[in-house]
Amino acid sequence: MLNKKRIFVKKMEYNFTSIEKKWNANWKETKAYVVSNDSSKKPFYVLDMFPYPSGAGLHVGHPLGYIASDIYSRYKRLKGFNVLHPMGFDSFGLPAEQYAIETGQHPATTTEKNISTFKAQLDKIGFCYDWEREVRTSDPSYYKWTQFLFLQLFKSWFNPNTNKAESINSLVEFFEKNGGENFSASEWKNYSHKQQQEIIMNYRLAFSAYGEVNWCEALGTVLANDEVINGVSERGGHPVIKKKMRQWYLRITAYAERLLEGLNTVDFSESMKEMQRNWIGKSEGCEMVFEVNNSNGNSQSFIKVYTTRPDTIFGVDFLVLAPEHELVDKITTSEQRESINDYLTYVKSRSDRERMSEVKQITGCFTGAYAINPFNGNKIPVWIAEYVLAGYGTGAIMAVPCGDQRDYLFANHFKISITNIIGDHFDGTQANPTKEATLIESDFLNGMLMKDAIKVAIEKIEFLGIGKRKINYKMRDAGFSRQRYWGEPFPIKWQDGVAIALEETQLPLELPHVEKYGPGPEGEGPLANIENWKTEMLETSTMPGYAGSSWYFLRYMDPKNATAFCDRKVSDYWGQVDVYIGGTEHAVGHLLYSRMWTKVLYDLGFIGFDEPFKKLVNQGMIQGSSRFVYRIKGSQTFVSFGLKDQHEVDELHVDVNMVDGLELDVNAFKIWKPDFAEADFLLEEGKYICGSEVEKMSKSKYNTVNPDDLVLKYGADTFRMYEMFLGPIEQSKPWDTKGIEGVHRFLRKLWRMFNDDVKGIIWNEEKATDAELKILHRTIKKIESDTENFSYNTAVSAFMVAVNELTDIKCFKKEVLEKLLILLAPYAPHIAEELWSQLGKEGSVLDAHYPAFEEKYLVETNKEYPVSINGKVRTNINISLTADQAAVEQIVISNEIIQKWLEGKQPKKIIFVKGKMINVVI
RNA sequence: GCCCAGAUGGCGGAAUUGGUAGACGCAGCAGACUCAAAAUCUGCCGUUCGCAAGGAUGUGCAGGUUCGAUUCCUGUUCUGGGCACCA
């Protein structure tokens with residue numbers, strides 16, 4: 001008897017394990033998530049930033065964005081859209097190669113293994129990906145098209161007149177007709193093929209050039225600027241130096257202005273846009289030429305400077321050239337020759353790292369030469385200094401110490417006298433970069449506000465023919481080659497120093513097998529070790545990580561197309577990615593590159609839109625919350641957190657999963673670290689309290705939490721909802737598993753609205769009352785708007801409120817519950833589907849119609865008005881919503897509590913805001 | 001140094017065309033059910049004065065605007081993120 005009852009109770013419980021298993025199998029079998037390109041429904045494209053399949057697998061931070069996008073996809077589907085929600089893997093890259101070097105395993109093997117781990121983990125959480133559309137950037141059938149697109153870039157140039165990319169043929173035609181910047185049409189025709197090709201290379205959107213690159217000796221490769229942080233490699237922290245090498249580049253600078261303008265048409269967060277704007281670094285100013293007064297008998301020289309502040313031309317006290325500037329040698333006087341040479345030697349001895357880390361150090365050297373200020377004929381000394389960079393502007397500046405702090409410090413250090421052109425705005429102790437001062441000692445600019453004088457000065461400079469208006473960008477062309485193995489080979493052959501594109505029919509140029517993954521000779525990549533590759537003169541470097549990720553969103557649309565990277569009709573159907581979800585770490589890398597590629601493909605007519613992502617949502621980073629134990633130095637004794645200051649202790653990371661809050665499970669710890677099985681533990685109030693700190697989530701810090709464990713313990717639906725319940729999606733926060741119980745309790749409570757432990761099935765088909773429909777419709781309204789706004793934490797709380805309220809009034813009516821299940825389906829799809837079938841509904845809840853919100857159920861006749869006296873709430877009075885000011889005043893004044901506060905006085909004023917509140921001013 | 005975002009109970013957070021601060025959840029306390037535990041249910045839960053009724057105070061800090069400020073303005077401190085000799 002007792003046994004029977006037990007079984008019965010068990011049967012009615014919320015058994016998430018079997019429910020989730022059952023419906024995952026069902027959805028797979030019915031191909032519930034397969035998406036068609038041929039639909040009468042409106043398309044909607046929701047995309048996650050695809051992951052790099054690392055060996056470590058997923059931790060709880062990864063799914064945050066994936067859950068958010070999954071909810072949105074499912075929601076849009078219920079709203080009647082044909083939703084594209086794919087997933088794939090960014091599977092080329094350095095870590096797999098590093099791992100290959102260490103273990104000798106082929107990166108393809110380890111990558112394959114990692115991907116299957118990732119997929120298994122993702123599937124447990126119940127995402128609605130159409131796996132038939134999966135892409136992998138390291139798959140030849142994918143990188144065939146990466147190579148194809150590279151060739152399009154190679155065969156195109158940016159025509160500044162049309163402001164877009166065009167075929168390189170149009171450039172050749174132009175040269176044949178009109179010649180180029182330094183050559184005539186007939187000269188062009190007389191150039192050798194090689195000479196012509198060298199000129200053309202300077203225009204290609206993907207081009208090869210010798211350039212200073214970030215060379216990392218330890219990694220044996222060249223790194224992009226954004227892979228170098230403070231002079232060391234982002235990955236591994238190895239030193240990085242400048243080295244001249246032949247490299248491939250993308251001419252992203254040609255698109256600087258369009259990348260900037262495009263930001264006005266997309267829905268990215270302001271800070272994300274700001275980051276991109278800063279990276280592009282547009283500055284408006286002018287170039288102008290200073291003649292050098294030659295005292296050492298050389299031919300005449302001119303120094304071209306770039307400035308954003310031509311209004312300060314009369315405050316110029318010296319010019320500064322970058323040490324690498326080509327005129328340095330020519331203008332240096334014999335008296336200064338030795339000092340200059342010493343200084344140049346010093347500069348060369350300094351690595352980039354030192355230059356960056358010692359920014360505040362002031363160094364420089366006088367060349368002995370003087371330039372002439374074209375406006376007043378003053379002699380201006382010409383210096384060289386590290387703080388002027390060869391790579392920006394013209395590599396030369398006009399220094400205005402009263403307005404620029406670096407110039408001020410320099411003048412101060414080398415005792416150069418300072419001209420003040422802004423009067424009281426300059427106090428002599430530091431520069432003042434204001435644009436609001438009125439200019440003095442400035443000839444034709446006298447009396448003008450600096451911001452107005454900028455325009456006047458430029459006009460004068462242009463009029464005199466000594467310079468012109470000029471816009472500069474900080475952004476550099478993007479390095480596009482790596483001396484590495486695990487990346488896309490370039491479809492390029494070298495013949496007599498000329499790069500030749502492979503025919504498209506020769507693609508994919510497959511990555512050959514190599515015996516060893518170490519670098520080739522002379523800093524070349526591993527491919528240089530392959531004899532065939534060398535004899536065929538193929539390019540030995542490979543493409544960087546961002547090559548495949550710059551266009552993957554297009555391949556998802558048409559993943560199996562063997563004749564095109566994506567059919568134009570298909571990309572026209574899906575259009576831009578409607579919502580793109582991912583972290584902020586790709587703000588200036590991936591996002592800029594994919595925006596550029598999209599613009600090129602648009603210009604060339606391959607696609608019909610020139611921004612890839614309509615809306616970008618940045619999920620915050622889930623940080624790890626590390627726990628520490630403290631061991632007295634050299635002993636086997638651990639002391640609790642509060643006692644550690646009394647001893648000299650070592651701090652050790654301890655696995656966060658064996659700590660409840662801050663209290664360590666000492667036995668679990670002893671099992672985890674058998675070395676300490678016999679250790680002593682000094683406790684506080686019977687507990688061992690750990691120290692804690694927020695750090696990046698990583699295996700080595702023992703602060704990772706695996707989603708698999710939580711799914712096993714609470715189910716995927718609880719896990720999904722808890723991740724969303726943590727707080728606003730874009731906010732970073734440390735992970736804390738405490739609290740997941742609350743969400744789990746909510747789902748069990750929902751379950752009990754359908755199934756009672758004792759009574760069995762309790763949902764019924766009774767007609768819902770107005771009060772019940774009011775709860776329902778308030779919930780519909782709230783969930784719908786919260787989901788639209790990605791405010792998932794408040795949506796989860798709205799579900800809790802609805803379930804609490806309906807349970808309180810014992811409303812278990814199908815009419816209400818079935819609508820609630822549809823609302824819930826995007827968040828907790830498994831339980832929603834199970835209960836939906838228990839209600840006897842036809843079909844899947846995935847394809848139900850989203851319930852329509854009806855205002856009529858929310859209409860109120862009365863309101864509990866808060867009534868305050870001088871702004872402090874003293875009581876609530878229930879008043880009809882139709883009452884006017886006079887009626888309200890009457891009611892309020894006659895109220896007992898208000899009368900008490902009035903103490904017989906007349907109120908000065910009664911403020912009545914209909915539907916909001918009442919304030920009595922005494 | 002520059003740019004951006006933020007600061008609300010013991011904790012995660014909610015509420016901004018200015019209108020009852022602390023929704024929802026966690027943790028905690030008290031109680032019911034139980035032989036007991038789990039599960040579940042009920043009540044309390046910013047601080048402070050008070051037996052209570054009720055009052056005072058309270059959204060980083062200091063001011064201001066307003067009948068009324070977490071919300072707007074000025075200044076300031078701290079935290080997180082980005083950029084950094086870019087002329």
Side-chain angles (χ1 to χ4, degrees), chain A residues 9 13 230 269-279 281-283 285 305-309 312 320 322 355-356 358-362 385-389 391-400 403-407 409-410 433 472-476 584-585 587-588 618 620-621 623 661 694 721-722 725-728 730-746 748-749 752 757 791 793-801 803-804 807 864-876 897 907-913 915-922:
Chain A
V9 168
E13 262 175 17
N230 289 330
S269 73
E270 232 2 87
S271 63
M272 179 62 57
K273 288 183 180 181
E274 204 53 37
M275 265 191 245
Q276 295 205 3
R277 287 191 193 110
N278 288 340
W279 188 260
K282 181 179 185 174
S283 78
V305 302
Y306 175 71
T307 181
T308 56
R309 296 297 301 273
T312 61
V320 189
R355 260 177 98 157
M356 279 187 198
E358 295 166 19
V359 160
K360 291 274 129 52
Q361 204 175 312
I362 297 160
E386 279 185 294
Y387 85 92
V388 175
L389 307 175
Y392 183 77
T394 60
I397 62 152
M398 55 180 231
V400 182
D404 184 288
Q405 185 63 8
R406 290 156 308 176
D407 297 345
L409 291 171
F410 194 84
N472 268 331
Y473 301 94
K474 284 187 217 171
M475 185 168 66
R476 299 278 90 102
T584 51
E585 66 272 20
V588 292
N618 293 115
M621 208 168 35
Q623 295 140 313
V694 174
M721 289 193 91
Y722 181 57
F725 191 53
L726 284 174
E730 67 278 5
Q731 210 164 83
S732 289
K733 57 219 151 228
W735 176 265
D736 184 3
T737 305
K738 276 198 166 183
I740 195 169
E741 294 275 358
V743 175
H744 193 57
R745 270 176 213 145
F746 153 73
R748 283 212 306 262
K749 190 164 182 176
R752 290 198 305 272
D757 282 358
S791 179
N793 57 327
T794 52
V796 173
S797 112
F799 280 122
M800 291 172 167
V801 171
V803 166
N804 288 345
T807 303
E864 235 357 67
Y865 277 98
V867 184
S868 35
I869 309 262
N870 290 339
K872 285 202 175 86
V873 178
R874 297 301 178 185
T875 187
N876 290 304
I897 296 169
K908 280 195 193 127
K909 201 174 3 170
I910 294 180
I911 290 154
F912 168 57
V913 183
K916 294 274 189 191
M917 46 64 68
I918 298 158
N919 189 18
V920 182
V921 185
I922 303 178

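Chain letters run A, B, ... following the sequence lines, proteins first, then strands; residues in each count from 1.
- Side-chain N or O atoms of S868(A) include one that pairs as donor or acceptor with a backbone N or O of I918(A) at under 3.5 Å.
- Rounded to a whole angstrom, the distance from the P atom of G22(B) to that of A14(B) is 15 Å.
- The backbone N or O of A399(A) sits nowhere less than 3.5 Å from a side-chain atom of D404(A) that would complete a donor-acceptor pair.
- When all heavy atoms of W279(A) and K474(A) are compared, the closest pair comes out as O-CB, 4.2 Å.
- Phosphate contact (OP1/OP2 of A87(B), side-chain N/O of Y387(A), threshold under 4.0 Å): absent.
- Base pairing analysis places G19(B) opposite C67(B); the two distances defining the Watson-Crick or G-U wobble pair are each below 3.5 Å.
- Residues satisfying the side-chain hydrogen bond (donor to acceptor under 3.5 Å, both in side chains) criterion with S271(A), sequence neighbours excluded, are S269(A).
- Taking the C1' atoms as reference points, A21(B) lies 11 Å from G9(B), given to the whole Å.
- In this structure, of G19(B), C26(B), C24(B), it is C26(B) that holds the atom nearest to the side chain of R745(A).
- Taking the side chain of T307(A) as heavy atoms from C-beta on, and the options G13(B), A87(B), C3(B), the nearest nucleotide is A87(B).
- Of the candidate nucleotides U20(B), A14(B), C67(B), U20(B) has the atom lying nearest to any side-chain atom of P866(A).
- Nucleotides G63(B) and U77(B) are separated by 15 Å at their C1' atoms, to the nearest Å.
- Which of A87(B), C24(B), U40(B) sits closest to the side chain of T308(A) comes down to A87(B).
- Checking C33(B) for Watson-Crick or G-U wobble geometry (two distances, each under 3.5 Å) identifies no partner in any strand.
- Rounded to an integer number of Å, the gap from L409(A) CG to G1(B) P is 13 Å.
- U34(B) and A56(B) have their C1' atoms separated by 45 Å, given to the nearest Å.
- Look at the P atom in both G19(B) and G68(B): the space between them is 15 Å, to the nearest Å.
- Within 4.0 Å (heavy atoms only), D736(A) reaches no atom of the nucleic acid at all.
- The side chain of M275(A) approaches G82(B) more closely than any other nucleotide in the set G82(B), A87(B), G25(B).
- The phosphate of G81(B) (OP1 or OP2) has no side-chain N or O of N618(A) nearer than 4.0 angstrom.
- Computed from coordinates, the K474(A) NZ to G82(B) P distance equals 16 Å when rounded to whole Å.
- Across G25(B), A14(B), C67(B), the shortest atom-to-atom separation from the side chain of N793(A) is found for A14(B).
- We find that CD of E13(A) is positioned 11 Å from C1' of A38(B), with the value rounded to whole Å.
- Here A69(B) presents its C1' atom at 13 Å from CE of M917(A), a figure rounded to the nearest Å.
- Distance noted for atom C1' between U66(B) and U71(B): 13 Å (whole Å).
- At the heavy-atom level, K872(A) lies under 4.0 Å from the strands shown only through sugar-phosphate atoms.
- G9(B) has its base syn relative to the sugar, with a glycosidic angle deviating from 0 by at most 90°.
- Of all nucleotides listed (A87(B), G12(B), C67(B)), A87(B) comes nearest to the side chain of L389(A).
- If you take NZ of K733(A) and P of C11(B), they are 17 Å apart, rounded to a whole angstrom.
- Under the Watson-Crick and G-U wobble criteria, each requiring two contacts below 3.5 Å, nucleotide G46(B) is paired to U57(B).
- Of the candidates G25(B), G13(B), C3(B), the closest approach to any side-chain atom of E274(A) belongs to C3(B).
- As judged by a 4.0 angstrom heavy-atom cut-off over every strand, R874(A) is placed among residues touching the sugar-phosphate backbone only.
- Atom CZ in F746(A) sits roughly 12 Å away from atom P in C26(B) (whole-Å rounding).
- Straight-line distance between the C1' atoms of G82(B) and U74(B): roughly 27 Å, to the nearest whole Å.
- Listed pair R748(A) / U40(B) meets the phosphate criterion, a side-chain N or O lying under 4.0 Å from OP1 or OP2.
- Atom CD of Q731(A) is separated from atom C1' of A14(B) by 12 Å (rounded to the nearest Å).
- Both L726(A) and G742(A) sit near RNA chain B, but only L726(A) has its closest nucleotide nearer the 5' end.
- Within the nucleic acid shown, S283(A) comes within 4.0 Å of sugar-phosphate atoms alone, with no base atom in reach, counting heavy atoms only.
- A sub-4.0 Å separation between OP1 or OP2 of C41(B) and a side-chain N or O of R752(A) is present.
- Listed by chain and number, the residues in a side-chain hydrogen bond (donor to acceptor under 3.5 Å, both in side chains) with R752(A) amount to none (sequence neighbours excluded).
- Annotation for V921(A) and N870(A): closest pair CA-OD1, 3.4 Å, computed over non-hydrogen atoms.
- Among the heavy atoms of the strands lying under 4.0 Å from K916(A) are primed sugar atoms or P, OP1, OP2 only; no base atom is included.
- For the pair V796(A) and V920(A), nearest-nucleotide mapping onto RNA chain B gives the more 5' position to V796(A).
- Whole-Å rounding puts the E741(A) CD to C26(B) P distance at 9 Å.
- Annotation: A84(B) and G25(B) have their P atoms spaced 46 Å apart (nearest Å).
- When all heavy atoms of Y387(A) and D407(A) are compared, the closest pair comes out as OH-OD1, 2.7 Å.
- Using bins of under 30°, 30° to 60° and over 60° for the plane-to-plane angle, the ring pair Y306(A)/Y392(A) lands in the perpendicular bin.
- When the side-chain nitrogen and oxygen atoms of S271(A) are compared with OP1 and OP2 of C3(B), none of them lie within a distance under 4.0 Å.
- In this entry U79(B) has A5(B) as its Watson-Crick or G-U wobble partner, both defining distances falling under 3.5 Å.
- In this structure, E741(A) does not pair ionically with R748(A), as no charged nitrogen and carboxylate oxygen lie closer than 4.0 Å.
- Comparing G19(B), A87(B), U20(B) by their closest approach to the side chain of N919(A) singles out G19(B).
- Of all nucleotides present, only A62(B) satisfies the Watson-Crick or G-U wobble test against U74(B), with each distance under 3.5 Å.
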